[in-house]
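Read through the structure below, which is laid out as structure tokens, and then see the notes.
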Amino acid sequence: MNDILRTVVIYFIALLLLFAWWSSLTIGLSTDEYFHHINGMKRFNFLVSLGEYKKIYFRNSEFYPGLYDTLSYAFGQIIVLINKKFYANNVDFTMHIVNVTFSSLSILGLYFFSKKIFNKDIALLTVLLTLLTPFFFGHMGMNSKDLIIFFSLIWFCYYFYLYCTEDFKNLKYLLLFSFFVGFGSGVRLTFAVVIFPVVVCGIIFLIKKYKDNYLKFYKRLLTHIPITIFITIFLVVICWPHIFVAFQNDNLGRFLSIIFKATINWNDGPKIGLMNGEYYEVFNTPKTYFIDIILYRLPIYFSILVILSYIFFFLKKNNFKNKISFFNQKFLIINVIALFPILLALVLEVNIYDNLRLFLFTIPFFCLIASFSLYQIIYNFDFSWKKISLSITLVIMFSLSFYRFVSLTPYQYDYVNFSSLKLSNANTKWEHDYWGASYKELVHKIKDNLNDEEIKNLKITNCSGDDTLLYYLF
């Protein structure tokens, strides 16, 4: 890209980040945030009381390590020290500041990672496409787990790459990537599965790197693996009081066995979902789930860019091979990282619901794939009718998508593409606002139109998020 276009992209990214912060601080609490708030409170109280606090059980919280929830709640306690009344009335604002901060840091990590393995232009386009993806953008403020998984994953990938490729500061990179392994696992234990293909690729690279000195390779592994394991275990258990209680009761083995089985056979979440006008049993998620998401939910221009990237790659019509070292290998690894969790979920018949929420951490990697074709189009643009036609098509598709993207503010995660020309046509086809984030706006409208006595006599039926609704009502 030339300097002018690069500057335009940078300013657009900056505006989107500001927009993300504004939307994050405007949107209401999501259905799961009450759980994470209470979970964080109980873990925090257990820690500051040095184990004296015993009311640690809440719903199925024993299955969660709770590291991020504890940190988020701890930040809230700093606000309490400053202004307790403000915190009580603005729990959503406080939690969302923490969430969108981590989301923004994950965007920074995505830029560093993409720039390191490819180049600055690809990194900028990847960040831009990620922020323009409605599902990623819409969750930046209200998601206390899935985007934190991406935060951990992208920074792990970045520092693990440096650990494998750089011959100096090995200990620094070891400690940093180990920290993010522990951080991700401290949010969700299945994070270890998410990073599996990255670790395998890294080990293969190191074996080739040390092919003339395997003894040095083995020494490196034998000294570094225990460090990673120690840091990971420490971060997983530090905010998990049930581990300490089980240990005190000489019941640790049984507790860990229950956690392992529950993690493998996870069946929590809704029982029924809605896809393209048809209900489905979540425990029997249709194999076409992701195809329907691509066809009807993702922005059409985005899907076109991803497809074009594969076409350019397999037809070898790209300029990257001579400009970026080991481009083909890197492209394949990015695809493995993006596709591995999805393919594994399909093979293991995992319960899938809430649109792409459970796979939010894969979206930026698909944006990285899409950025290759966008870069090719920009780099090779001329006034031939084919390229002009393609460019006009993408601009029209982008303009339509961006209009709907903005019009949904702050509920971008409810996005449906222009397979439904009118958004109202999709009302009965998909789960809209599946996390109940609009309760805040709804209650404000109720309070603006009804008096206190009328509100007390209201009878409200809702399908989820009882605690969130009550928080705003009273």
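Both backbone and side-chain heavy atoms feed into the values below; hydrogens, waters and symmetry mates do not.
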request  = Verify whether the ring centers belonging to Phe359 and Phe290 lie closer than 6.0 Å.
outcome  = yes
query = Between the side chains of Thr409 and Trp22, does any donor sit under 3.5 Å from an acceptor?
reply = no
ask   = Do Glu441 and Ser438 meet the criterion of a side-chain donor-acceptor pair at a distance under 3.5 Å?
value = no
ask   = Does Lys145 pair with Asp69 as a salt bridge, N-O distance under 4.0 Å?
value = no
query = Do the ring centers of Phe183 and Phe191 come within less than 6.0 Å of each other?
reply = no
query = Can you tell if the side chain of Asn99 reaches within under 4.5 Å of the side chain of Tyr68, non-hydrogen atoms only?
reply = yes
ask   = Under 3.5 Å, side chain of Ser401 to main-chain N/O of Phe398, donor-acceptor pair present?
value = no
Main-chain N/O of Met275 paired to Tyr296 side chain as donor or acceptor, under 3.5 Å = no
message = Given 3.5 Å as the limit, does a donor-acceptor pair link the side chain of Asp292 with the main chain of Tyr289, or not?
response = no
Pairwise side-chain contact, Leu390 with Lys386, heavy-atom cut-off 4.5 Å (strictly under) = no
query = On the ring face of Phe418, is Arg404 found with NZ or CZ under 6.0 Å from the centre and within 45° of the axis?
reply = yes
inquiry  = Evaluate Phe327 against Phe372 for ring pair (Phe, Tyr, Trp, His ring centres under 6.0 Å), listing each step before the verdict.
reply    = CA-CA 11 Å; Phe327 172 78; Phe372 298 132; 5.3 Å; yes
request  = Check whether any side-chain heavy atom of Asn39 sits under 4.5 Å from a side-chain heavy atom of Arg59, and report yes or no.
outcome  = no
request  = Verify ring pair (Phe, Tyr, Trp, His ring centres under 6.0 Å) between Tyr413 and Tyr434, making sure each step is shown before the conclusion.
outcome  = CA-CA 9 Å; Tyr413 78 108; Tyr434 49 81; 4.9 Å; yes
request  = State, yes or no, whether a side-chain contact exists between Phe75 and Ile97 at a heavy-atom distance under 4.5 Å.
outcome  = yes
task = May I ask you to check whether Phe19 and Phe137 place their ring centers less than 6.0 Å from one another?
result = yes
key: Trace of the side chain to side chain contact (heavy atoms under 4.5 Å, CB included) decision for Trp155 with Leu108   = CA-CA 9 Å; Trp155 283 107; Leu108 181 64; 4.3 Å; yes
query = Is the shortest heavy-atom distance from the side chain of Tyr280 to the side chain of Thr288 under 4.5 Å?
reply = no
ask   = Looking at Lys445 and Asp448, does any basic side-chain N land under 4.0 Å from a carboxylate oxygen?
value = no
task = Spell out, as yes or no, whether a donor-acceptor pair under 3.5 Å connects the side chain of Asn83 to the backbone of Phe86.
result = yes
inquiry  = For a 4.5 angstrom cut-off between non-hydrogen side-chain atoms, does Ile333 reach Tyr161?
reply    = no
note = Heavy-atom nearest pair, Pro364 first then Leu110, reads CB-CD2, 3.8 Å
key: Sole residue of Leu356, Asp146, Asp354 in side chain to side chain contact (heavy atoms under 4.5 Å, CB included) with Phe135   = Leu356
query = Is there a donor in the side chain of Asn355 and an acceptor in the side chain of Tyr415, or the other way round, less than 3.5 Å apart?
reply = no
query = Would you say Ile154 and Phe365 make side-chain contact, with heavy atoms under 4.5 Å?
reply = yes
message = Looking at Met142, is its backbone amide N or carbonyl O close enough to the side chain of Ser30 to form a donor-acceptor pair, meaning the two atoms are under 3.5 Å apart?
response = yes
query = Aromatic ring centroids of Tyr64 and Phe35 under 6.0 Å?
reply = yes
key: Heavy-atom check, side chain of Arg43 versus side chain of Tyr73, under 4.5 Å   = no
query = Taking Ser373 for the side chain and Leu305 for the main chain, is one N or O donor matched with an acceptor at less than 3.5 Å?
reply = yes
message = Are more than 12 heavy atoms, taken from residues, nucleotides or ligands other than Gln329, located less than 6.0 Å from that residue's CD atom?
response = yes
key: Evaluation steps, ring pair (Phe, Tyr, Trp, His ring centres under 6.0 Å), between Phe331 and Phe313   = CA-CA 9 Å; Phe331 181 84; Phe313 178 77; 4.2 Å; yes
message = Quick check on side chain to side chain contact (heavy atoms under 4.5 Å, CB included): which of Leu125, Leu368, Ile107 does Thr130 satisfy it with?
response = Ile107
key: Ile455 backbone acceptor or donor facing Lys447 side chain under 3.5 Å   = no
message = Has Lys209 got a side-chain atom pairing as donor or acceptor with Cys164's backbone, closer than 3.5 angstrom?
response = yes
task = Tell me yes or no: between the side chains of Ser419 and Asn417, is some donor less than 3.5 Å from an acceptor?
result = yes
Flag, side chain of Ser114 to backbone of Tyr111, donor-acceptor distance under 3.5 Å = no
note = In Phe151, Phe156, Phe160, Tyr163, the residue satisfying ring pair (Phe, Tyr, Trp, His ring centres under 6.0 Å) with Phe180 is Phe151
ask   = Are Glu166 and Lys172 close enough for a salt bridge, meaning some N to O gap below 4.0 Å?
value = no
